[in-house]
2 protein chains.
Amino acid sequence: MGKQTASIVDVAKRAGVSVASASRVLSGSSYPVSDETRQKVLEAAQALDYAPNTLARSLRAQRSNLIAVIVGDNADPYFAEITRGVEEVANERGYLTIVCNTDRQSDRELHYLRMLQDYRADGVIFAGSGLNEPEYLEQFEKIIETMQARGAAIVALAQHTLQLPTIQVDNFGGARAMTRHLIEQGHRRIAFVSGPTNLLVATARLQGYTAALVEAGLCVDSDLILPGNFNREGGEQAAHKLAQFAAEQRPSAVFAANDETAFGVLSGLSSQGWRIPADISICGFGDLPMASVVYPPLTTVHIGLRELGRSGAHKLLAQLQREEIEANEIIPTSLSIRCTTS
Amino acid sequence: MGKQTASIVDVAKRAGVSVASASRVLSGSSYPVSDETRQKVLEAAQALDYAPNTLARSLRAQRSNLIAVIVGDNADPYFAEITRGVEEVANERGYLTIVCNTDRQSDRELHYLRMLQDYRADGVIFAGSGLNEPEYLEQFEKIIETMQARGAAIVALAQHTLQLPTIQVDNFGGARAMTRHLIEQGHRRIAFVSGPTNLLVATARLQGYTAALVEAGLCVDSDLILPGNFNREGGEQAAHKLAQFAAEQRPSAVFAANDETAFGVLSGLSSQGWRIPADISICGFGDLPMASVVYPPLTTVHIGLRELGRSGAHKLLAQLQREEIEANEIIPTSLSIRCTTS
DNA sequence: TTGTATGCGTTATCAT
DNA sequence: ATGATAACGCATACAA
């Protein structure tokens, strides 16, 4: 049980060669090494069960091969899918993925950013949108600039408060398309359950909704815009409010700013005895895996979440290799018309 | 953009003190430092925007403050919840959490384990159960032993093939309790949709099911044990098979080995026009957040997933601090009786 | 209380 | 082709 992990020095010693030679074969250097030396080193490494110390390597090389994904909540399927996509690509390329849950709190986000800077993470992916909290903006800018100056790459997967390379879902377009669809189906009074007001993706979706309304010559009734919070509770509360409308004022459709909210609306309304979509149409945004398994299967705006994560990681790695990248990419959405609308 | 990140040497220089002094204040050492020196160092650090290099620190300290959670698939809500729990505790204690998706493939698991060893991760949490693949067992044992010898802590959150400190859900007891409940409700022919046969948690649940049957004096009919794979597809296929039973042979209840599978059974049966629970009762295992939002809300065995993750992390950290820990803990389950059974 | 020097494990530079 | 050595950034043993 004696010895700890063997170092490259141990390997060199046992192989009877210099540390430099050992390093050259063990690090996969292109530097020429005789076959004999190579053999001896390899055997010694094998015998000693040598495992290279990445910490030392990283310190020396000034790159850690660590990337991080900053999410609101990894238990939220929206983020979980993105994280998965990021990890897939990272792993393919030999990177490790650190997951950081912030619960959308700026101070936690900042805290993580600092830690990541300390760990000299090679890159950071912001899975969620930027926060509209001016009091933190300055600190954010500073730490991000510091990281970038060091050579780290940053990518945002949603419109961000800061000027960052971005891959965005077309939130505006998707919301507008869905609203148009509802209008085409004959709906005139369409409610919207919004997301957190400080979240840019949420406001973009709201704007898509109002744009479609205006384009169709319908008036935007602020009574029909219900507050939500991107979670089920918000949806359930909205369902409760919906039930209080006078019959003739009642909207014939509800567009929830994300799927979670739609689930809340769905269960809230169902439990009150409403029939979906006979009594009211419901639709969401995101197309989480669960969207098709709830009953009735949810009509929603589809986002390729895992693909979004993968693209984000690719963009990050491209930056790391000093490739030219587009500052801003937008990936389209599509409509998953299922059974909660008619 | 002139200079890179400032090092502790830069700080010491600017403060006009030795590197040792700078280190003592910057590392939060308990070593005595005069207030004056402390001030100068702090100011210099501030001015230079100093960020400690954790890589160097870790190399020196022989501990990385990195822990990893190995999951089948982070996009699976089961694992996502666990990961979240792990991350919460890790973050509270100053650790970073690395997420590793293996898709339950031994080679990917091994690959990750090696990387984690290279990074000198302080600990690894196996979120899923061990795999019954003998050809990999030896390699697993070796790498795990190596890590442990180095001082790393390992914890498994399910019964594991290897001898590891474990926190387990009472899969057997939970499955037995649910099966008993069904029997009490009057069910006599109860189908079971199993999980991957090489997964210990899956077999434990199957055993709980058969145990309850036997205890109640009912026969275990192998025709009623349907293959599944812990995913929705498996559940849907099982639903298809259920529909092909002759009326008098048809089970009156289906117990799916996990919630995902139950969702598949639910949607498969619903889309075939079956009414739940009027035509057949359905229940699952896990109690994912979505269990209560599907329609009808799913009866299932409740597991405190996030808490499981948190406990795992605590157990890991306790080990790291050389505290005595129980080799094996079992956390109980409870029944969440909702609407898919009667 | 402060400073000097060494080592953590690697890799790149510079001889040889 | 090989080897000695400096340096990456930090924290500690030891000396003062």
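As a basis for the values below, the full set of heavy atoms in this structure was taken, side chains included, without hydrogen atoms, waters or symmetry mates. All chains are named by letter (A, B, ...) in the order of the sequence lines, taking the proteins before the strands, and each is independently numbered beginning at 1.
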Could you state the [atom1]-[atom2] distance from [X] to [N], rounded to the nearest angstrom?
X: A/Tyr50; N: C/dG9; atom1: OH; atom2: P; result: 10 Å
X: A/Ile8; N: C/dG9; atom1: CD1; atom2: P; result: 11 Å
X: A/Arg63; N: D/dG9; atom1: CZ; atom2: P; result: 16 Å
X: A/Arg120; N: D/dG9; atom1: CZ; atom2: C1'; result: 9 Å
X: B/Arg60; N: D/dA7; atom1: CZ; atom2: P; result: 19 Å
X: A/Arg150; N: D/dC8; atom1: CZ; atom2: P; result: 17 Å
X: B/Asn53; N: C/dC8; atom1: CG; atom2: C1'; result: 13 Å
X: A/Asn65; N: C/dT10; atom1: CG; atom2: C1'; result: 14 Å

Quiz prompt | Toward the 5' end of DNA chain C, by each residue's nearest nucleotide, B/Arg38 or A/Val9 | solution = B/Arg38
Practice problem: Let me know, please, whether B/Ala56 or B/Pro32 comes out on the 5' side of the other along DNA chain C by nearest nucleotide. | Solution: B/Pro32
Quiz item: What nucleotide, of C/dT10, D/dC10, C/dA15, holds the atom closest to the side chain of A/Tyr31?
Solution: C/dA15
Quiz item: Hey, does A/Ser29 reach any base, or is it just sugar-phosphate, or nothing, if we go heavy atoms under 4.0 Å?
Solution: nothing
Quiz item: Which part of the nucleic acid does A/Thr37 contact within heavy-atom distance under 4.0 Å: base, sugar-phosphate only, or nothing?
Solution: sugar-phosphate
Quiz item: Given B/Val71 and B/Asn101, is the side-chain contact (heavy atoms from CB on, under 4.5 Å) satisfied, shown in steps?
Solution: CA-CA 5 Å; B/Val71 299; B/Asn101 293 301; 3.2 Å; yes
Quiz item: Charged N to carboxylate O below 4.0 Å: is that the case for A/Glu88 and A/Arg84?
Solution: yes
Using only side-chain N and O atoms of [X], determine if any of them is under 4.0 Å from OP1 or OP2 of [N].
X: B/Arg57; N: D/dA11; value: yes
X: B/Ser34; N: C/dT2; value: yes
X: B/Gln62; N: C/dG7; value: no

Quiz prompt | Pairwise side-chain contact, A/Leu113 with A/Phe126, heavy-atom cut-off 4.5 Å (strictly under) | solution = yes
Quiz item: What do you reckon, is CD of A/Glu323 surrounded by more than 12 foreign heavy atoms closer than 6.0 Å?
Solution: yes
Quiz prompt | Over 12 non-hydrogen atoms of neighbours within 6.0 angstrom of CD in B/Gln321 | solution = yes
Quiz prompt | CA sep, side-chain torsions, deciding dist, call: B/Asn65, B/Thr54, side-chain hydrogen bond (donor to acceptor under 3.5 Å, both in side chains) | solution = CA-CA 9 Å; B/Asn65 275 37; B/Thr54 309; over 6 Å; no
Exercise. Could you list by number each residue of residues 16-27 of chain A showing a heavy-atom separation from DNA chain D of less than 4.0 Å, or answer none if no residue does?
Key: A/Val17, A/Ser18, A/Ala20, A/Ser21, A/Arg24
Quiz item: If every non-hydrogen atom of A/Ile167 is compared with every non-hydrogen atom of A/Gly312, which pair is closest and at what distance?
Solution: CD1-N, 3.6 Å
